[in-house]
Amino acid sequence: MAIVVVNPGPLTLVEDLGRQGWASLGLSPSGALDRQSLRLANLLVGNPVGAAGLEILLGGLRLRFVTASTVAVTGAEGIVTLNGAEITLNQAIRVAPGSVLDFGVPLFGLRYYLAVQGGIDASKLLGSSSTDMLSGEGPAPLKSGEQLGIGRVSNGSSAGTGAGHLNNVAILPAIRRAPDPGRAITARVDRGPRADWFDHDSWRRLVSQDWTLSPDSNRIGARLVGRPLNQTRREELPSEGMVLGALQVPPSGLPTVFLADHPVTGGYPVIAVVRRADLDLLGQARPGQRIRFLG
Amino acid sequence: MWRLNPSPEVLGSPGAGSHVAGGRILLPCGDSAFLVELPDLNAVVAYYRGLTGAGAAASLSAPSGIIDVVPAARTVLVTFDPGAIRPAEVRYWLESAEPARARVSSGREVIIEVSYGGPDLAETAQFLSMSEAEVVNLHTNSEWTAAFSGFAPGFVYLVTTHERLRVPRRNTPRTAVPAGAVGLAGEFSGVYPRSSPGGWQLIGTTTAALWDASKADPALIRPGDVVRFVEA
């Protein structure tokens with residue numbers, strides 16, 4: 001009942017749908033950045049949508065399956081091979097004992113999601129196995145030679161059949177293609193609590209220009225480069241609660257969109273908030289990718 | 001404290017604009033949160049206790065669909081699931097909640113044993129023109145209230161009813177403050193849940209685990225709790 005990590009790639013993490021509701025204790029929600037893709041991967045293998053899977057940044061991961069398994073790969077699109085033969089993404093795949101699964105660098109999107117029937121068995125904090133890169137809580141990033149346990153989570157319809165996903169066909173969400181890195185990603189925004197701390201032109205500048213995703217981005221925040229926004233109020237803002245998707249604007253005028261591992265409080269004004277449904281796309285944005293806000 | 005208010009008709013959605021209600025300002029915060037601005041930290045603590053019941057988990061007294069109630073220095077952030085509760089219902093809850101000025105009987109009291117004699121105790125006493133024993137007496141005889149979390153899971157900013165222990169942060173923060181260090185900074189006292197850099201004046205240490213990820217309830221202190229320090 002195990003998978004051996006032969007090579008973890010640049011960064012592979014255990015993620016589920018996170019631990020919401022603990023911000024008052026200082027804990028970020030964490031969880032998969034592209035939640036829809038993790039849900040889909042889980043449904044394809046007959047898991048509950050919130051089972052723990054792997055979030056694989058930029059490919060490079062090589063796994064060896066000690067036991068037979070059923071897996072599905074979703075999210076980013078690139079060449080993923082099983083024993084050297086390319087597999088179909090967004091589909092349940094049977095894996096024989098001893099098989100090696102290899103993830104190429106994605107051609108579209110940034111993060112693959114791998115679900116294994118039964119879920120990844122990892123330690124839980126407040127009901128979630130998600131790794132939180134800000135606090136360091138949750139399982140450590142995967143290391144070479146590490147063995148991953150496979151859990152026994154089940155949605156009740158798939159136990160032991162290996163074909164449980166067939167029962168889920170009716171409720172599978174539509175497959176959302178990973179974003180093309182050559183095209184702009186569009187995300188809807190609503191007004192944030194401190195929109196009135198910026199001059200009139202700033203909102204227009206926010207929603208009319210193409211921003212570029214900075215390579216400094218991570219699971220904590222998507223940093224944006226573009227023509228800066230202009231804050232008119234100069235007083236210091238006492239730290240206040242920050243929501244997922246908040247566009248926090250430091251004195252540089254260049255916003256950061258807070259993602260799953262964001263700090264629960266912050267001291268820079270929030271001009272706008274990205275709609276929750278559009279955050280999945282930001283989790284697939286590649287450094288240098290253009291981002292447009294619709295507000 | 002006044003801000004431009006939209007007409008009441010458009011207040012149904014959280015994106016509609018700010019609104020004054022009972023001394024509180026409700027600020028829009030995307031499609032699934034409100035940020036409530038209050039006059040000062042005392043008002044925050046009272047309002048947070050009113051919303052949640054002191055120290056209890058937010059879910060105990062919040063309507064279903066509320067996800068987080070996050071107190072900070074001047075604000076309380078409330079996030080919700082728009083699929084489970086309408087923004088207008090959240091707004092009504094936030095507008096009608098009564099601040100709980102005094103500690104209510106359901107509030108938790110946390111006792112923390114401290115070995116005083118931290119590296120900054122002498123300097124702190126000197127700054128406050130007290131003896132070290134007087135600093136310790138004042139720290140142990142004050143009732144502290146957990147105002148809000150931040151900085152690291154399990155770290156809680158504690159405030160008391162007087163300012164006689166108000167000290168500045170250290171000029172040069174330490175690169176490593178050990179877990180369990182008890183410190184003072186500004187109007188706050190706090191205990192470091194893990195080893196981390198820090199600029200607080202360290203007056204003692206505790207062996208209590210402020211954060212234990214292996215527990216179902218990992219935080220020793222939650223916002224709204226009352227905290228008392230005793231000499232170990």
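Just so it is clear, the structure is predicted and the values come from calculations on it, not from any experiment. Chain letters run A, B, ... following the sequence lines, proteins first, then strands; residues in each count from 1. Keep in mind that the numbers below use all heavy atoms, side chains included, and drop hydrogens, waters and symmetry copies.
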- Nearest atoms (heavy-atom pairs only) where A:Ser24 meets B:Pro71: CB-CD, 4.3 Å
- Message: Before you tell me yes or no, could you show the steps for B:Asp68 and A:Gln20 under side-chain contact (heavy atoms from CB on, under 4.5 Å), namely the whole-Å CA-CA distance, both residues' side-chain angles and the distance that decides it to 0.1 Å?
- Response: CA-CA 8 Å; B:Asp68 272 310; A:Gln20 278 197 131; 5.6 Å; no
- Query: About how many Å separate CG of B:Asp31 and CZ of A:Arg188, when rounded to the nearest 0.5 Å?
  - Reply: 8.5 Å
- Closest-packed option against chain B by number of heavy-atom pairs under 4.5 Å, given A:Thr265, A:Val243, A:Val274: A:Val243
- Task: Mind checking side-chain contact (heavy atoms from CB on, under 4.5 Å) for A:Thr12 and listing every partner two or more places apart, or none if nothing turns up?
- Result: A:Leu54, A:Ile56, A:Leu61, A:Leu142
- Query: Looking at A:Lys124, A:Arg276, A:Glu137, which makes the most heavy-atom pairs under 4.5 Å with chain B?
  - Reply: A:Glu137
- Query: Between atom CD1 of B:Ile67 and atom CH2 of A:Trp22, what is the distance when rounded to the nearest 0.5 Å?
  - Reply: 13.5 Å
- Query: For B:Ala216, is it the side chain, the backbone, both, or neither that has a heavy atom closer than 4.5 Å to a heavy atom of chain A?
  - Reply: backbone
- Given the options A:Pro263, A:Ala246, A:Ser239, which has more heavy-atom pairs under 4.5 Å with chain B than any of the others? A:Ser239
- Message: As an exercise: rank A:Ala23, A:Pro238, A:Ala272 by heavy-atom pairs under 4.5 Å with chain B and give me the winner.
- Response: A:Ala23
- Note on the structure: If one checks every heavy atom of A:Ser135 against chain B at 4.5 Å, the contacting part turns out to be both
- All heavy atoms of A:Leu126 vs all of B:Pro218, minimum pair found to be CD2-CD, 3.4 Å
- Which is it for A:Met242 and B:Leu77 under the side-chain contact (heavy atoms from CB on, under 4.5 Å) test, yes or no, and what are the steps along the way? CA-CA 8 Å; A:Met242 290 282 144; B:Leu77 174 72; 5.7 Å; no
- Item | Within residues 178-211 of chain B, residues adjacent to chain A where the heavy-atom gap is under 4.5 Å | B:Arg194, B:Trp211
- Query: Is it the side chain or the backbone of A:Val270 that comes within 4.5 Å of chain B heavy atoms, both, or neither?
  - Reply: neither
- Task: Heavy-atom distances under 4.5 Å only: say whether A:Leu25 touches chain B with side chain, backbone, both or neither.
- Result: both
- Smallest separation among heavy atoms of B:Thr75 and A:Gly241, with atom names: OG1-N, 4.2 Å
